[in-house]
Amino acid sequence: MSGKVFLVGAGPGDPRLLTVGAMNCLKQADVVVYDHLADESILSYVPAEAERIYVGKQSCKHTMQQEDINVLLADKADDGKTVVRLKGGDPFVFGRGGEEALVLLARGIPFEVLPGVTSAISVPAYAGIPVTHRGVAVSFAVITGHEDPTKSESHIRWKHLATGGDTLIFLMGVANLPVITKNLIDNGRPADTPAAIIRWGTRADQETYVTTVGEAAAMAERDGIRPPAIFIVGEVVRLREQLRWFDRADIRPLHGKRILVTRARAQASALTEQLTALGASCIETPVIRIAPPADSYAALDHAIDEIHVYQWLIFTSTNGVEHFFARLHHAEKDTRVLGYAKIAAIGSATAKALRSFGVHADIVPKEFRAEALVDALSPILPPHARILLARAQEARDVLPESLRTHGATVDVAPAYATVPEREGGEELAARLMRGEIDFVTFTSSSTVKNLVQQLSNITPLQHTKIACIGPVTAETARSFALEPDIVAEHYTIDGLVHAIREYVQ
């Protein structure tokens, strides 16, 4: 049975502009065929087992010819696969989606089109330039800036276009700016008409150059402006001075900063979302993944069976909380079995995770580290207290050993393990060496150790700034001869983001 092809617009670059429909298509894909301009973080919605095929096109450099892409889509669907053709922007706005749809139609393959947010309106908006504005522009036109080179003459009606629309938006036109601007001026558009070139629109590294029609080509040559970029012409460009928001330091202080997020994939989003909201471009490269402990929860399950013997339960991370309650439910028990046991948590995030299960921590030390919890607990522990510590399989022994010196019996039950992720080290090292990453974030000692192992050595990390979530993580970095540039005062994701922001400002 034939499969189906979804022609999906990924939007202009900012993953937040992906539509709900596009996201749902990606989640059910067997095959994803994607472009150069589609932000690769969007691929996180694709199932791990799905086939990913890159067919990106850049100016004068095609990974795969369009005719071959058409056949590829049809062949994969003929194999019974659900195929998502993921395109930057919108499939039908200079995306050649119509050509792909006609081939699918000829082959008898069902397809759907999921429109995307086109760069023609979104990129100017991110630059603070509305394509229409009351009293300034009541019309706009979207024109290709890169016509088919095989055509003997231009199909653009320059005589009518130059003065026929208030706002003109040329897509993919940077290389042809001398031709575009000459035709506009020759056909009646004044050379002093405001214009703007916007490169990598809607991404954290977006660049906006304000100019005029007469000076645009010279500016692009002088400043080395390269694709991808759009060229916008019209009086609306003047509004950027007032409406600029995306690249304003007071609104988005991390604009243009490229930050490596090394948390486990399932947890990276919380840090990425906060940094992105402040304007950063985040590269998620998980160096650890969360897995069951080596004993497959045997120690934790035994502790849960004997849960009534403990006076205190201690949790040191959200992972510990989540895995503990997952095993509690696996044993067909709930929070009632905790009885009169007291609860201690290291960190506000851990305490918040407990509250999601209906449990309020009795103690959350102000300083989110093991030593502070020992100081808080030692004065109030009953004689010969029995304590259950549910934590990562590999962790510092400071907490259990210190509590034992105060007469407590501490049972350490591994609730999860952090397993190194090994892939991608060579490419990441190359990016660091080229200076393409401004900050590397470390949220635990294991992220430091595993990133160094993934990169094979510390040399690439000497070409960037290092931000650590707290002093324990910072000490681990120093043990690898890496001196942190930033150490958060509050040992949380919020604290780390705040520290990076303060450092930049």
Side-chain angles (χ1 to χ4, degrees), residues 3-11 13-16 18-56 63-64 69 72-73 75-88 112 114 116 260-273 276 281-294 296-297 317-319 322-323 326 330 392-393 415-429 431 441 443-444 446-447 450-451 453-455:
K4 187 173 184 177
V5 176
F6 293 87
L7 304 175
V8 176
D14 187 340
R16 296 178 301 174
L18 187 74
T19 66
V20 173
M23 178 183 67
N24 290 334
C25 282
L26 290 170
K27 287 180 177 179
Q28 62 179 328
D30 298 313
V31 181
V32 178
V33 180
Y34 65 102
D35 273 352
H36 173 64
L37 294 181
D39 189 289
E40 291 201 23
S41 67
I42 292 170
L43 295 178
S44 62
Y45 295 111
V46 180
E49 64 275 10
E51 182 180 8
R52 294 166 170 82
I53 303 174
Y54 174 66
V55 295
T63 303
M64 185 180 291
I69 295 173
L72 173 67
L73 297 175
D75 287 348
K76 291 294 182 180
D78 263 341
D79 291 338
K81 305 288 183 64
T82 297
V83 182
V84 171
R85 174 67 172 108
L86 187 65
K87 296 171 163 293
E112 289 186 23
L114 273 292
L260 185 71
V261 175
T262 58
R263 299 192 85 195
R265 190 175 302 278
Q267 300 170 320
S269 60
L271 178 55
T272 296
E273 286 172 5
T276 301
S281 174
C282 291
I283 304 102
E284 291 187 356
T285 305
V287 295
I288 60 172
R289 59 183 172 85
I290 306 303
S296 297
Y297 302 110
S317 69
T318 57
N319 284 317
E322 290 166 1
H323 284 75
H330 178 76
Q393 184 167 313
Y416 63 96
T418 55
V419 180
E421 291 276 16
R422 299 298 188 204
E423 296 182 2
E426 186 174 337
E427 180 182 349
L428 178 58
R431 296 189 68 177
T441 60
T443 55
S444 66
S446 59
T447 59
N450 291 325
L451 182 60
Q453 290 177 17
Q454 190 181 71
L455 296 172

Practice prompt. Could you walk me through whether Thr285 and Val261 pass side chain to side chain contact (heavy atoms under 4.5 Å, CB included), step by step?
Written response: CA-CA 6 Å; Thr285 305; Val261 175; over 6 Å; no

Practice prompt. Flag the pair Val84 / Val46 as yes when at least one side-chain heavy-atom distance between them is below 4.5 Å, and no otherwise.
Written response: no

Item to complete: Can you measure from OG1 (Thr441) to CD (Glu284) and round to the nearest 0.5 angstrom?
Response: 9.5 Å

Worksheet item: What do you reckon, is OH of Tyr297 surrounded by more than 12 foreign heavy atoms closer than 6.0 Å?
Response: yes

Worksheet item: For the side chain of Thr82 and the backbone of Ala29, is there at least one donor-acceptor N/O pair under 3.5 Å apart?
Response: no

Item to complete: Go through Arg431 and Leu260 one step at a time and tell me if the side chain to side chain contact (heavy atoms under 4.5 Å, CB included) criterion holds.
Response: CA-CA 11 Å; Arg431 296 189 68 177; Leu260 185 71; over 6 Å; no

Item to complete: Of all the heavy-atom pairs spanning Pro293 and Ala415, show the shortest one and how long it is.
Response: CD-O, 3.9 Å

Practice prompt. Might you point out which heavy atoms bring Thr272 and Cys282 nearest each other, and give the distance in Å?
Written response: CG2-CB, 3.7 Å

Practice prompt. Start with the C-alpha distance between Lys81 and Asp79, add both sets of side-chain angles, then the distance that settles salt bridge (Lys or Arg N to Asp or Glu O under 4.0 Å), and finish with yes or no.
Written response: CA-CA 6 Å; Lys81 305 288 183 64; Asp79 291 338; 5.2 Å; no

Fill in: Spacing of Asp35 atom CG and Lys87 atom NZ [to the nearest 0.5 Å]
5.5 Å

Fill in: Rounded distance (nearest 0.5 Å) linking atom CG of Leu18 with atom CD1 of Ile42
5.0 Å

Item to complete: Taking the side chain as every heavy atom from C-beta outward, state whether Leu43 and Leu86 have any pair of such atoms under 4.5 Å apart.
Response: yes

Worksheet item: Which atom pair, heavy atoms only, marks the closest approach of Asp30 to Gly80?
Response: OD2-O, 4.5 Å

Worksheet, complete the sentence: Taking every heavy atom of Val5 against every heavy atom of Leu73, the minimum-distance pair comes out as CG2-O, 3.8 Å

Worksheet item: If you round to the nearest 0.5 Å, how far is CD of Gln28 from CZ of Phe6?
Response: 4.5 Å

Practice prompt. Work out which heavy atom in Ala22 is nearest to a heavy atom in Leu114; give both atom names and the distance.
Written response: N-CD1, 4.3 Å

Item to complete: Quick one: pull up OG1 in Thr262 and CG in Leu451 and give me the separation to the nearest 0.5 Å.
Response: 6.5 Å

Discussion item. Ignoring hydrogens, what is the shortest heavy-atom contact between Leu455 and Gly425? Give both atom names and the distance.
Written reply: CD2-O, 3.6 Å

Discussion item. As a quick check of understanding, evaluate side chain to side chain contact (heavy atoms under 4.5 Å, CB included) for Gln453 and Asn450, giving each step before the final call.
Written reply: CA-CA 5 Å; Gln453 290 177 17; Asn450 291 325; 3.9 Å; yes

Worksheet, complete the sentence: Interatomic distance, CE@Met23 vs CG@Leu26, rounded to 0.5 Å, equals 9.0 Å

Discussion item. Assess the residue pair Val33 and Lys76 against the criterion (side chain to side chain contact (heavy atoms under 4.5 Å, CB included)); give the C-alpha distance rounded to whole Å, side-chain angles, the decisive distance to 0.1 Å, and a yes or no.
Written reply: CA-CA 10 Å; Val33 180; Lys76 291 294 182 180; 5.7 Å; no

Discussion item. Under a 3.5 Å distance rule, please check whether Thr447 uses its side chain to pair with a backbone N or O of Ser444 as donor and acceptor.
Written reply: yes

Worksheet item: Does Gln393 reach the main-chain N or O of Ala294 with its side chain, forming a donor-acceptor pair under 3.5 Å?
Response: yes

